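When a ligand or atom number is given, it counts from 1 through the structure's own listing order. The shown structure was predicted, so the numbers you read here are calculated from the model rather than taken from an experiment.
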Amino acid sequence: MNQIRLKALAKINLGLDVLRRKEDGYHEVKMIMQTINLHDQIHIRKIEEEEIRIRTNLYYLPNNENNLAYKAAKILKDEFDLPGGVSINLKKVIPVAAGMAGGSSDAAAVLFGMNKLYGLKLSMQDLMDRGVKLGADVPYCIMRGTALAEGIGEKLTKLPAMPKCHILIAKPPINVSTKFVYENLHANDLKPEDHPPVDMQLEALRHGDLEKLVANMGNVLERVTVPAYPVIDEIKQMMVDCGALGSMMSGSGPTVFGIFKSYTKAKEAYEKIEQSGLSKQIYLTTPYNQREEMK
Ligand code: ATP
């Protein structure tokens, strides 16, 4: 086996709560993660030269050791003393710095792909143990599907699959700093009523109840991001006006998603947002749930 092609899938947060800021500055979170069928394409090829080459279709992404795909390849190359090198081609589709774990998912796919390419026989847990060194979201991107993430996001519990629906994604053309959002949340001063009802969502998932799941969606980080960037609320409102069961910001933003039962309504919302000019990166997709392997 000399090469492998992989899909690195994006995620959204159906619920995102921050429980507290710890003494070390990290935040303890409680999030419901959902993989969606929106993906980067990754091609890994063995080369004779002792190097890790990265090529991407986005000029502003690092193509050196700062790329998460590079870091993932390096971890396995060093640990197993792999001969030669790899050339990694990344076709980015997942919006960058958008709260959709794009970089983490690329890293997860590279770990998974190198494991196969070199026949390392590492288990999913082995890969997750290495992935967490690259970022708190990487183990989840290896696990995929519907999951509860606790701790700093690395403690994972598999959940029943999200019921079938259509998911509309729209990323407004603004840059949001994750650091800015967490620092301005003042997590330890939040009142009980500020926390979204994540436990109700867990119950909804157990009953396969899409309406209840969506009715209880909440992202505590919207408290910081939405006042700073009102376009997020405008897009949310547009999705709801077009018939979304609910709409929310993913991660620390600025990506907004809407959950629809009807494909027709989701398509209408897509067109409305496109015409409004509020977002140029719009995708209509579905939840990814199959327990199939990364292909
Ligand atoms: P999260 O949802 O985990 O917060 P994110 O969507 O906010 O992730 P990413 O798209 O993963 O953020 O990228 C954040 C930064 O990481 C980018 O500004 C980019 O410079 C850097 N980066 C390094 N490698 C990659 C990669 N393979 N894809 C995207 N960004 C990368």
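- Taking a cut-off of under 4.0 Å to the non-hydrogen atoms of Lys11, the atoms of ligand 1 that pass are 2 (O).
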Any chance you could lay out the salt bridge (charged side-chain N to carboxylate O under 4.0 Å, His left out) test for Lys121 and Asp126, step after step, and finish with the verdict? CA-CA 9 Å; Lys121 301 208 163 65; Asp126 292 336; over 6 Å; no
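- Summary of contacts: the protein heavy atom closest to atom 7 (O) of ligand 1 is Gly99 N, 3.4 Å.
- Ligand 1 places these atoms under 4.0 Å from at least one heavy atom of Lys92: 28 (N), 29 (C).
- Crowding of Glu48 atom CD: a count of heavy atoms from other residues, nucleotides or ligands under 6.0 Å not exceeding 12.
- Of the candidates Asn13, Asn64, Asn66, it is Asn66 that places a heavy atom closest to atom 23 (C) of ligand 1.
- With respect to atom 24 (N) of ligand 1, the closest heavy atom belonging to the protein is Leu68 N, 3.0 Å.
- Both the sub-6.0 Å distance and the 45° axial angle are not jointly satisfied by Lys7 relative to the ring of Tyr288.
- Shown here, atom 21 (C) of ligand 1 is out of close reach of the protein: none of its heavy atoms lies under 4.0 Å off.
- Interface of Asp106 with ligand 1, defined as ligand atoms under 4.0 Å from a residue heavy atom, comprises 26 (C), 27 (N), 28 (N).
- Counting only heavy atoms, the protein never gets under 4.0 Å from atom 16 (O) of ligand 1.
- Which of Ala109, Ala97, Pro62 comes nearest to atom 12 (O) of ligand 1 through a heavy atom is settled by distance: it is Ala97.
- Between Leu90 and ligand 1, no N or O atom pair is found at a separation short of 3.5 Å.
- The ligand atoms of ligand 1 that sit less than 4.0 angstrom from a heavy atom of Val96 are 10 (O), 17 (C).
- Across Leu61, Ile94, Leu134, heavy-atom proximity to atom 19 (C) of ligand 1 is greatest for Leu61.
- The option with the heavy atom closest to atom 2 (O) of ligand 1, from among Pro95, Ala136, Ala69, Ala101, is Ala101.
- A 4.5 Å side-chain heavy-atom check between Leu213 and Met162 finds at least one atom pair inside the cut-off.
- Every atom of ligand 1 is numbered from 1 in the order shown, and the set under 4.0 Å from a heavy atom of Asn67 is 23 (C), 24 (N), 25 (C), 26 (C), 27 (N).
- Residue Gly251 places every heavy atom at 4.0 Å or more from ligand 1.
- In the hydrophobic cluster analysis, where Ile, Leu, Val, Met, Phe, Trp and Tyr join through side-chain heavy atoms closer than 4.5 angstrom, Leu6 is grouped apart from Leu58.
- Checked options Tyr263, Tyr270, Phe260, Phe257; the residue passing with His166 is Tyr263 (criterion: ring-ring contact (aromatic ring centres under 6.0 Å, His included)).
- From the protein, the heavy atom lying nearest to atom 3 (O) of ligand 1 is Asp137 OD2, 2.8 Å.
- A donor-acceptor pair shorter than 3.5 Å can be found between the side chains of Asp241 and Gln237.
- Counting heavy atoms of neighbouring residues, nucleotides and ligands inside a 6.0 Å radius, atom CZ of Phe80 exceeds 12 of them.
- Residue-to-ligand polar distances place Gly103 within reach of ligand 1: an N/O pair is separated by less than 3.5 Å.
- Inclusion of Thr178 in the set of residues having an N or O under 3.5 Å from an N or O of ligand 1 is not warranted.
- A heavy-atom distance below 4.5 Å is found between the side chains of Asp129 and Gln125.
- Once rounded to the nearest 0.5 Å, the distance linking NZ of Lys272 with CE of Met239 reads 13.0 Å.
- Of the residues His27, Lys22, Arg20, the one that meets the side chain to side chain contact (heavy atoms under 4.5 Å, CB included) test with Asn188 is Arg20.
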